[in-house]
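Here's the structure we're looking at; comments come further down.
Numbering starts at 1 and runs along the sequence shown.
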Amino acid sequence: MHPVLLQLGPVTIYTYGVMLAIAFTVSTWLAARAARRMPPERVAITAGQLWDFSSVALLGGIAGGRLSYVLLHWEWFLDSPQDIIAIWRGGLVWYGGFLGGVLAGWLYVRTKRLVFLRVLDQLIPFVSLGHAIGRVGCFLNGCCYGKLTDAWYGVVFPGQPAPVMPTQLIEAAGLFLLYGVLRRASTRPAIVSRPGRLLGTYLIAYAGLRFAMEFLRGDQAVLWAGLTLQQLISLVMVPVGLWLAATRSVSDT
């Protein structure tokens, strides 16, 4: 693993932080380029507005993801409260970050009088792309690892007695695939004519991916009925996604 990318005297540049910056820049740039190429009647948020929206959503996502992580590991932070803000070392919960980003984005959309579901539909493929790049950052950082394995694809992580499954890369591959599927779906009239449908598709697909991935993770604790917290959240996200994908109509804009 390479948690530290570069050491310049007293300045330490962490790989995880760099990967987050790359994820934000690449996904936002591609989303802005797509917005400029879309027919005007389909543009829910312009390329210019998109950079502001993404910045606000990023801050909300980082705050939500970090707060969730701190709450889940509060015993550690009681002894090391100075590490609460050290996000460049890793330690973000995706679902918490997603909800924080959605809330921050909603506040921005309200100020600009945009249609929230249409904005999310336009941007959600690029959220999946940014998440995939971020998962590569998790791999380089050495967090979010899988269970012990003797398979050929096992990777030795610091602090682990034997090779573990590279669940970060497996999930990243699934997210890259999801990005491709959502981008293709975003060009279909049956999808774009129903605000929230693409968002619902994303929620169903990612919930399924994350639910399955949790069985391979080696750093998650069982919370209830043999399931982790992330799996329980995934079970909630599926009916929400089904509702968005099946019941929204043009009149809901």
Side-chain angles (χ1 to χ4, degrees), residues 19-20 23-24 26-28 30-31 34 54 57-58 60-62 64-66 68-69 72 92-106 116-139 143-146 165-188 191-192 194-217 219-220 223 227-248:
M19 292 303 296
L20 285 183
F24 171 79
V26 170
S27 57
T28 303
L30 287 175
S54 296
L58 175 67
I62 291 175
R66 189 60 173 178
S68 300
Y69 184 83
L72 289 173
L92 297 174
V93 175
W94 170 249
Y95 277 130
F98 181 74
L99 292 175
V102 167
L103 176 60
W106 177 75
F116 187 53
L117 284 178
R118 291 190 64 220
V119 170
L120 290 185
D121 276 351
Q122 183 177 325
L123 301 183
I124 202 62
F126 306 97
V127 171
S128 184
L129 175 63
H131 190 185
I133 298 172
R135 277 301 183 211
V136 177
C138 290
F139 176 78
C143 58
C144 307
Y145 51 84
M165 295 182 183
T167 48
Q168 315 94 325
L169 299 183
I170 298 172
E171 185 173 343
L175 286 164
F176 279 123
L177 177 61
L178 179 57
Y179 163 71
V181 171
L182 292 175
R183 283 289 287 141
R184 185 174 180 83
S186 68
T187 63
R188 298 187 175 183
I191 294 289
V192 298
R194 301 175 64 177
R197 197 171 189 184
L198 199 63
L199 172 63
T201 302
Y202 164 81
L203 292 177
I204 297 167
Y206 180 68
L209 173 63
R210 186 57 185 269
F211 189 90
M213 289 303 307
E214 289 294 294
F215 289 115
L216 305 180
R217 290 281 289 268
D219 62 338
Q220 299 282 53
L223 183 65
L227 302 176
T228 68
L229 175 61
Q230 309 303 325
Q231 287 176 316
L232 294 173
I233 296 175
S234 295
L235 290 177
V236 174
M237 299 307 291
V238 169
V240 174
L242 288 171
W243 176 74
L244 285 169
T247 65
R248 308 304 298 180

request  = List the steps, then state whether side-chain contact (heavy atoms from CB on, under 4.5 Å) holds for I204 with L242.
outcome  = CA-CA 7 Å; I204 297 167; L242 288 171; 3.5 Å; yes
request  = Evaluate the side-chain hydrogen bond (donor to acceptor under 3.5 Å, both in side chains) criterion for residues Q220 and E214: first the C-alpha distance (whole Å), next the side-chain angles of each, then the deciding distance (0.1 Å), finally the verdict.
outcome  = CA-CA 7 Å; Q220 299 282 53; E214 289 294 294; 3.3 Å; yes
request  = Given side-chain contact (heavy atoms from CB on, under 4.5 Å), test T228 with Q231 step by step and report yes or no.
outcome  = CA-CA 5 Å; T228 68; Q231 287 176 316; 3.5 Å; yes
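Among all heavy-atom pairs drawn from A104 and G60, the shortest one is CB-CA, 3.8 Å. Shortest non-hydrogen contact noted between L244 and G200 is CB-CA, 3.8 Å. Scanning all heavy atoms of the two residues, the minimum distance from A185 to L198 falls at CB-CD1, 3.8 Å.
By the ring pair (Phe, Tyr, Trp, His ring centres under 6.0 Å) test, F215 is found to be paired with F211, residues two or more places apart in sequence or in another chain being considered.
Atom CG in D121 sits 10.5 Å away from atom CZ in R197 (nearest 0.5 Å). Once rounded to the nearest 0.5 Å, the distance linking OH of Y179 with CZ of R184 reads 13.5 Å. How far CZ of R183 is from CG of L178: 13.0 Å, rounded to the nearest 0.5 Å. Taking CG of L199 as the reference point, atom CD of Q122 lies at 13.0 Å (rounded to 0.5 Å). Note that CG of L169 and CZ of F139 are 4.5 Å apart. Values are rounded to the nearest 0.5 Å. Between the CZ atom of F98 and the CD1 atom of I233 there is a distance of 12.0 Å, given to the nearest 0.5 Å.
For the pair R217/R210, a side-chain contact is recorded, criterion being any heavy-atom separation below 4.5 Å from C-beta on. Looking at L229 and V93, their side chains never come closer than 4.5 Å, going by heavy atoms from C-beta outward. Contact annotation: the side chain of V238 never approaches that of L203 to less than 4.5 Å [non-hydrogen atoms, C-beta and beyond].
The main-chain N or O of C144 is found under 3.5 Å from a side-chain atom of T167 such that the two form a donor-acceptor pair. Formation of a donor-acceptor pair under 3.5 Å by the R194 side chain with backbone atoms of A246 is found in this model. A donor-acceptor distance shorter than 3.5 angstrom exists from the side chain of Q168 to the backbone of C143, with no hydrogens or angles considered.
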Under 3.5 Å, which donor-acceptor pairs do the side chains of residues 123-135 form with other protein atoms, sequence neighbours left out?
from, atom 1, to, atom 2, distance (Å)
S128, OG, L175, O, 3.0
R135, NE, E171, OE1, 3.3
R135, NE, E171, OE2, 3.4

